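The structure appears below as structure tokens.
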Number of protein chains: 2
Amino acid sequence: MELKVATEIGKCLSNQTRLQIMEWLKKPENNFPPHETLKHFNDGVCVTYIQEKSGLSQSTISTYLTNMEKCGLLISTRHGKWSYLKRNEQLIKEYSEYILK
Amino acid sequence: MELKVATEIGKCLSNQTRLQIMEWLKKPENNFPPHETLKHFNDGVCVTYIQEKSGLSQSTISTYLTNMEKCGLLISTRHGKWSYLKRNEQLIKEYSEYILK
DNA sequence: CAAATATATCTATAATTCTCGATATATAAA
DNA sequence: TTTATATATCGAGAATTATAGATATATTTG
């Protein structure tokens, strides 16, 4: 992994709310209600649920999630009018190996 | 690992120079000259060498290293008038496991 | 003890990030 | 096609971080 990419990932992980979101998404079914339309968590959780649980504004959370997707930490999938976010375990693994010896 | 601690670690890793320092310290002998007084790298590298290699000011690097030690990423050892810094592999492992699934 | 060297801390300004409300866009529902 | 809902983007002010020079402290050396 390149230093610049790793720095961008670090920036996403340098904020308590964003780190908390990463934690919540480890086990979405333990932290969020099942979506009324989509009944599974295969693609993660919709923006609204994450926003409500965080307590921050819609625009702030949307920006967070967009940046987290841009640096690769999250994978976004559209289903109709909803965007679902899930962890990108592959990238997270690469990052954790990068900072490890 | 607690969310707050992990956030502080993330802050340290959210800056290119600081992340670079973490990388340099993986193999100090590849990145720094051996110290004229202390001849080994057992306790890492002195502040001056890190400062010179980084190109930033003494005060900036001193602040960086102090914060990196405070959150546990680095271990500092005094030998006379020099402070030597090395990675805290144990803490780094805990952090990398925390962000992993 | 005085001078030199290494590191830490203080203070201030510049740069970046945080955060929101307003607004735009996309999609679905009526 | 109008309205409602979900998400994204824009613009701005507040808060935090970056960074350096000046200065303080700690330690060694003469």
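Nothing here was measured: the structure is a model prediction, and the numbers come from that model. Letters A, B, ... mirror the listed sequences (proteins, then strands); counts begin at 1.
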* Structure fact -> What residues 70-84 of chain B contributes to the DNA chain D interface at heavy-atom separation below 4.0 Å is B/Arg78, B/Gly80, B/Lys81

Taking only N/O atoms, report every protein-nucleotides 12-14 of chain C pair under 3.5 Å with atom names and distance.
none

* Selection: residues 42-60 of chain A, any non-hydrogen atom under 4.0 Å of DNA chain C -> A/Leu56, A/Ser57, A/Ser59, A/Thr60

* Asked: What residue among B/Leu74, B/Ile75, B/Leu13, B/Leu25 forms side-chain contact (heavy atoms from CB on, under 4.5 Å) with B/Met68?
  -> B/Leu74

* **side-chain contact (heavy atoms from CB on, under 4.5 Å) partners of A/Glu69, counting only residues at least two apart** => A/Ser76

* Structure fact -> Residues at least two apart in sequence or cross-chain that pass side-chain contact (heavy atoms from CB on, under 4.5 Å) with B/Glu97, listed by chain then number, are B/Lys93

* Asked: Do B/Lys27 and B/Glu29 meet the salt-bridge criterion of a basic N to acidic O distance under 4.0 Å?
  -> no

* Structure fact -> By side chain to side chain donor-acceptor pair (under 3.5 Å), A/Thr77 pairs with (sequence neighbours left out) none

* To do: Return the set of residues passing side-chain contact (heavy atoms from CB on, under 4.5 Å) with B/Lys81 (not counting sequence neighbours), or none when no residue passes.
  => B/Arg78

* Would you indicate, yes or no, if D/dA18 has its OP1 or OP2 atom less than 4.0 angstrom from a side-chain nitrogen or oxygen of B/Asn15? => yes

* Structure fact -> ring-ring contact (aromatic ring centres under 6.0 Å, His included) pairs touching residues 36-70 of chain B, sequence neighbours excluded, are B/His35-B/Tyr49

* OP1 or OP2 of C/dT17 sitting under 4.0 Å from any side-chain N/O of A/Asn67? -> no

Close N/O contacts between protein and nucleotides 11-17 of chain D (under 3.5 Å):
unit_1 : atom_1 : unit_2  : atom_2 : d
D/dT17 : OP1    : B/Lys11 : NZ     : 3.2

* Taking only residues two or more places apart in sequence or in another chain, which ones pass side chain to side chain donor-acceptor pair (under 3.5 Å) with A/Glu23? -> A/Lys26

* Structure fact -> Residue set satisfying side chain to side chain donor-acceptor pair (under 3.5 Å) with A/Arg18, at least two apart, ordered chain then number -> none

* Whole-Å gap separating P (D/dT9) and CD1 (A/Ile61) -> 15 Å

* Structure fact -> With sequence neighbours left out, the residues meeting side chain to side chain donor-acceptor pair (under 3.5 Å) with B/Asn31 are none

